Amino acid sequence: MDATLRLRVDGTEHTVAVDVRTTLLDALRERVGVTSPKKGCDHGQCGSCTVLLDGRRHLTCLTLAVAHDGAEVVTAEGLGRLAARADSMPGSVAVEQALHPVQRAFLDRDGLQCGYCTPGQVCSAVGMLEEAGQGHPSHVTEDLAADVELTDDEIRERMSGNLCRCGAYRGILDAVRDVARPQEPTTEPTTGAGA
Ligand code: FES
Ligand code: FES
């Protein structure tokens, strides 16, 4: 049985017909044509399919598209564009090619190798920074009454749902730290995948 649903993806409205069993990941990739969310495990284990769904990070392989009629989806493809549109001319080359600060940090810190996990890592990092800013604790948060301090342990824990088969974890940590604590860069920019 098919269902018709509306999705706003990276700032553009789409109306798509999908089988009711279709995951949001497949709807995005195969119906909408946005392929930055990647299918890694298709079982909620790797994080490569992460997007921001109505502002919160979400594994799209684990959710049915029909459950999100009318939702706002932001993928890594649209992150920079949407952030830049807020204070620049929509449609300009500068806006269309803009990078979100987290994406820029991943490039500056070599937070990737093959890049397959990167769109999910970036969306997860953006969502995680927002969650921490709102005071959501993680498994390693010790003082639940205090503001969340994004220590390296906090960043590792909060990003632990996103796996990287290339092992670029050191660069990923450096990149997220640069955005979370811009006044405290603690390591030199990496030149390889890191460990
Ligand atoms: Fe969704 Fe791996 S593809 S978590
Ligand atoms: Fe290759 Fe992460 S950069 S899987």
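Note that ligands are numbered from 1 as they come in the structure, with each ligand's atoms numbered from 1 the same way. The model shown is predicted, which means the values in this text are computed figures rather than measured ones.
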- State whether the side chain of R29 and the backbone N or O of T35 hold a donor-acceptor pair below 3.5 Å, judged by distance alone. yes
- Task: Work out which heavy atom in V32 is nearest to a heavy atom in L7; give both atom names and the distance.
- Result: CG2-CD1, 4.5 Å
- Everything protein-side that's N, O or S and under 2.8 Å from atom 1 (Fe) of ligand 1: list it, residue and atom. C49 SG, C61 SG
- Task: Check the surroundings of atom CD in E142: do more than 12 heavy atoms from other residues, nucleotides or ligands lie under 6.0 Å from it?
- Result: no
- Message: Is it the case that the side chain of Y169 and the backbone of L163 share a donor-acceptor pair, with hydrogens and angles ignored and the cut-off at 3.5 Å?
- Response: no
- Message: Whether D152 and R181 form a salt bridge (side-chain N of Lys/Arg under 4.0 Å from carboxylate O of Asp/Glu) is what I want to check.
- Response: yes
- Query: Do other residues, nucleotides or ligands put more than 12 heavy atoms under 6.0 Å from the CZ atom of R165?
  - Reply: no
- Starting from atom 2 (Fe) of ligand 2, count all protein N, O or S atoms within a radius below 2.8 Å. 2
- Query: Can you name the closest pair of heavy atoms from L62 and H43 and give their distance?
  - Reply: CD2-C, 3.9 Å
- Can you tell me if CG on D147 sees more than 12 non-hydrogen neighbours from other groups inside 6.0 Å? no
- Would you name the heavy atoms of A3 and V20 that are closest together and state the gap between them? CB-CG1, 3.9 Å
